[in-house]
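Single-structure report; data block below.
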Amino acid sequence: MRSILKNDLQRVKTFYKKFSERFIEGLLMLSSSITSLTVVLIVVFLFKEGIGLFNQKPVEQGYVIAINKNNKVKKLSSAQLKNIYDQKIAHWSEVGGTNDSIVLFQMEDISNYFSDEQIGDQLQNLPTCLNKLLDSLPNIIAFLPEKYINKDFKGTILDVNKVSLADFFGGKEWIPTAKPSAQLGVLPLILGTLWVSLGAILLALPLGLAAAVYMSEIADSRIRRIMKPLIELLAGIPSVVYGFFGLVIIVPLIQKTFNLPVGETGLAGSIVLGIMALPTIITISEDAMRNTPRAMKEASLALGASKWQTIYKVVIPYSISGISAGAILGIGRAIGETMAVLMVTGNAAVIPHTILAPVRTIPATIAAELGETSNGGLHYKALFALGCILFLITLFINLTVEFISNRRKYNKH
Amino acid sequence: MKTKTILVALCLYTSVNFAQKIKGSDTVLPLAQKEAETYMKTNKMAKLTVTGGGSGVGFAALVDNTTDIAMASRKIKMDEKIKLQDAGRAYKETIIAYDALSVIVNNENKVSQLTREQLEGIFTGKIKNWKEVGGDDMPMVVYSRESSSGTFEFFKEHVMNKKNYASSVLSMPATGAIVQSVSQTKGAIGYIGLAYMDKQVKALKVSYDAGKTYIAPSMATAKDKTYPVVRPLYYYYLTTVEKAVKPFVDYVLSAEGQKIVEAVGYVPLSK
């Protein structure tokens with residue numbers, strides 16, 4: 001009787017043990033699947049919003065461009081519209097019309113033509129007023145809300161092309177708030193991002209490698225114990241502090257050293273980002289170097305190689321995959337950084353021909369502009385499309401890391 | 001017992017009634033915060049929360065009915081008016097203070113005055129060197145705010161004749177950053193609100209009559225309206241909540257409220 005009871009107890013115990021193990025396993029699986037699901041959802045969301053951009057016209061939703069019905073012009077490009085409203089194109093002849101000068105009209109100008117009483121306090125007479133205006137001025141171009149166009153509208157509504165991939169990736173002007181037609185050329189932003197990141201890595205890689213070699217092979221453990229936490233501390237400083245440091249110290253320094261008209265340049269961004277990428281590069285490559293088996297190093301020394309030869313011929317080749325992983329993760333951090341870059345690169349959206357000119361990067365653009373966009377609007381979608389580009393760049397970098405570390409492992413065995 | 005419940009109910013009623021949200025322009029933000037703080041000190045029942053985000057954010061919130069008062073450093077735009085109209089909401093506009101927008105350059109710059117036409121040329125990228133406006137032969141470095149700022153819009157509309165900024169213009173995330181950059185860059189030019197003016201930079205005299213008279217920005221010239229680039233700062237609210245927000249708006253307009261305006265660095269309304 002007692003033994004049966006004991007047996008039962010044992011069985012219950014093992015059951016509970018198994019159950020709790022299962023439960024913990026399930027919990028672990030759940031948390032990992034939640035994480036992956038979140039990542040997938042974010043990516044889907046990002047691309048859904050970003051790709052929506054190419055279904056939209058560069059003219060604000062609900063608005064149209066209208067001209068007088070006798071005007072011969074039937075189509076205008078986004079860039080032509082912007083230049084017309086900037087008064088860089090002043091005559092219809094420049095866009096295929098008559099030789100008359102263009103009369104600009106936006107809704108804010110309505111008070112120059114009609115009084116508040118004529119429009120009505122509920123805006124009820126607005127459609128009639130607009131109709132009169134479009135009919136009476138032969139050289140007008142008007143930027144109007146679609147709903148104030150009534151059925152017997154006497155003007156012609158111009159056709160504007162949707163945002164195309166070629167305009168987006170090949171365009172050289174980024175003025176998303178331009179009225180009436182947004183200019184969405186991301187070429188300067190992509191080039192700006194790549195310039196700054198490339199500069200950052202050229203500065204940070206030699207410095208970071210040198211520090212990693214020193215810490216793993218040369219420094220004694222006491223110095224190492226002080227230096228390593230200190231370097232890791234660099235990673236914990238908020239990026240806005242780096243940005244302010246850059247603006248007050250590095251920017252004037254660059255301006256004086258290179259005798260430039262302006263210190264807010266791509267180089268300033270590169271230096272700040274280089275400093276920010278250092279901890280990643282140093283920590284990861286130092287760990288990789290310290291993983292070099294003692295036997296290999298001792299074999300090298302026993303063969304009569306000097307310390308330097310050992311580092312150069314044994315330690316670095318052995319840990320090259322770790323070093324490249326560190327370098328590439330460092331670039332990853334540099335490419336995605338927003339705040340520090342926003343403060344020091346000047347943010348002028350022009351195609352940079354030198355690293356000593358102001359540049360505007362993709363993350364800085366998103367950070368600075370997302371707050372003002374209306375949900376689902378053209379500008380909002382354009383910023384999400386920028387996010388997609390940034391995501392693809394980082395994805396490419398991560399795949400490269402994977403590829404490099406895999407290849408190295410394969411070679412060894 | 002009965003009086004107690006009535007009192008509690010009354011307290012609840014008034015506190016619900018006075019938990020007002022104020023949202024919008026970052027330019028108005030420091031002023032609105034100060035006003036709200038002092039107002040709440042004297043009116044223990046009142047509850048005000050003030051948040052920034054930009055003039056456009058305030059108007060968007062007014063349309064969505066997520067704020068009671070929208071702060072703005074520019075007038076309501078036609079398309080925002082249309083959105084409010086569509087939502088069937090009527091609003092009221094109150095000017096609470098004025099701000100003089102100052103054009104600043106580096107202290108070492110010889111140029112001390114510019115016309116509106118010259119400013120337009122500089123910010124649209126037509127004028128690129130200081131020698132074109134009577135200064136030394138050095139390239140201009142033009143600083144502006146990011147496009148989310150109401151100041152950015154105001155400057156575009158009133159100084160640049162609605163033309164777009166040149167893409168070579170450097171845009172800074174904050175007004176303080178413009179002051180810092182202009183103070184350390186010889187060929188720099190930028191614009192800031194009067195409250196941000198200090199000795200690190202030089203304010204230019206501006207002419208709006210093609211060079212006949214040049215006026216320097218100051219509290220005095222803004223008050224007598226001789227300085228041309230003065231903009232009103234606004235509160236916008238819906239007529240449906242007028243009863244609830246009126247006491248605070250009246251307080252801001254009162255002599256005591258206007259004293260705070262001057263203390264924060266903006267120009268009080270002239271009586």
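Chain naming here is simple, since letters A, B, ... match the order of the sequence lines and numbering starts at 1 in each.
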Of the backbone (N, CA, C, O) and the side chain (C-beta and beyond), which part of B:Q85 lies under 4.5 Å from a heavy atom of chain A, both, or neither?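 The side chain, not the backbone.
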
Select one option (side chain, backbone, both, neither) describing which atoms of B:K156 are under 4.5 Å from chain A's heavy atoms.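 Side chain of B:K156 only, per the 4.5 Å heavy-atom cut-off to chain A.
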
For a 4.5 angstrom cut-off between non-hydrogen side-chain atoms, does A:T177 reach B:Y165?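 Answer no - side chains too far apart.
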
For [X] and [Y], which heavy atoms make the closest approach, and how far apart are they?
X	Y	answer
A:V262	B:T185	CA-CG2, 4.1 Å
B:Q180	A:V248	NE2-CG2, 3.9 Å
A:P358	B:L170	CG-CD1, 3.9 Å

Would you mind checking which part of A:Q183 comes under 4.5 Å of any heavy atom in chain B, side chain (CB onward), backbone (N, CA, C, O), both or neither?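 Neither part.
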
Interchain contact, A:L247 with chain B, by part (heavy-atom threshold 4.5 Å):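 Both parts, backbone and side chain.
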
Is it the case that more than 12 heavy atoms not belonging to [X] sit under 6.0 Å from its [atom1] atom?
X	atom1	value
B:K162	NZ	yes
A:Y113	OH	yes
A:K172	NZ	no

Checking B:D209 now: which residues fulfil side chain to side chain donor-acceptor pair (under 3.5 Å) with it, not counting sequence neighbours?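 For B:D209, the residues satisfying side chain to side chain donor-acceptor pair (under 3.5 Å) (neighbours in sequence not counted) are B:S207, B:T213.
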
Partner chain A: residue of B:N164, B:V169, B:V141 with the largest heavy-atom pair count (under 4.5 Å):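 That would be B:N164.
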
Based on non-hydrogen pairs under 4.5 Å, which of B:A177, B:S181, B:A90 is most in contact with chain A?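 Option with the greatest count: B:S181.
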
Does A:F168 have any ring pair (Phe, Tyr, Trp, His ring centres under 6.0 Å) partners at least two apart in sequence or in another chain, and if so, which?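 Per chain and number, A:F168 pairs via ring pair (Phe, Tyr, Trp, His ring centres under 6.0 Å) with A:F54.
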
Please name all residues satisfying salt bridge (Lys or Arg N to Asp or Glu O under 4.0 Å) with A:R360, sequence neighbours left out, ordered by chain then number.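 Counting only residues at least two positions away or on another chain, A:R360 forms a salt bridge (Lys or Arg N to Asp or Glu O under 4.0 Å) with A:E369, B:E146.
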
For chain B, which residues of residues 253-261 of chain A have heavy atoms nearer than 4.5 angstrom: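 Within residues 253-261 of chain A, the residues under 4.5 Å from chain B are A:Q255, A:P261.
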
For the CE atom of B:M172 and the CD atom of A:E264, what is their distance to the nearest 0.5 Å?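 Going from CE on B:M172 over to CD on A:E264, the span is 4.5 Å.
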
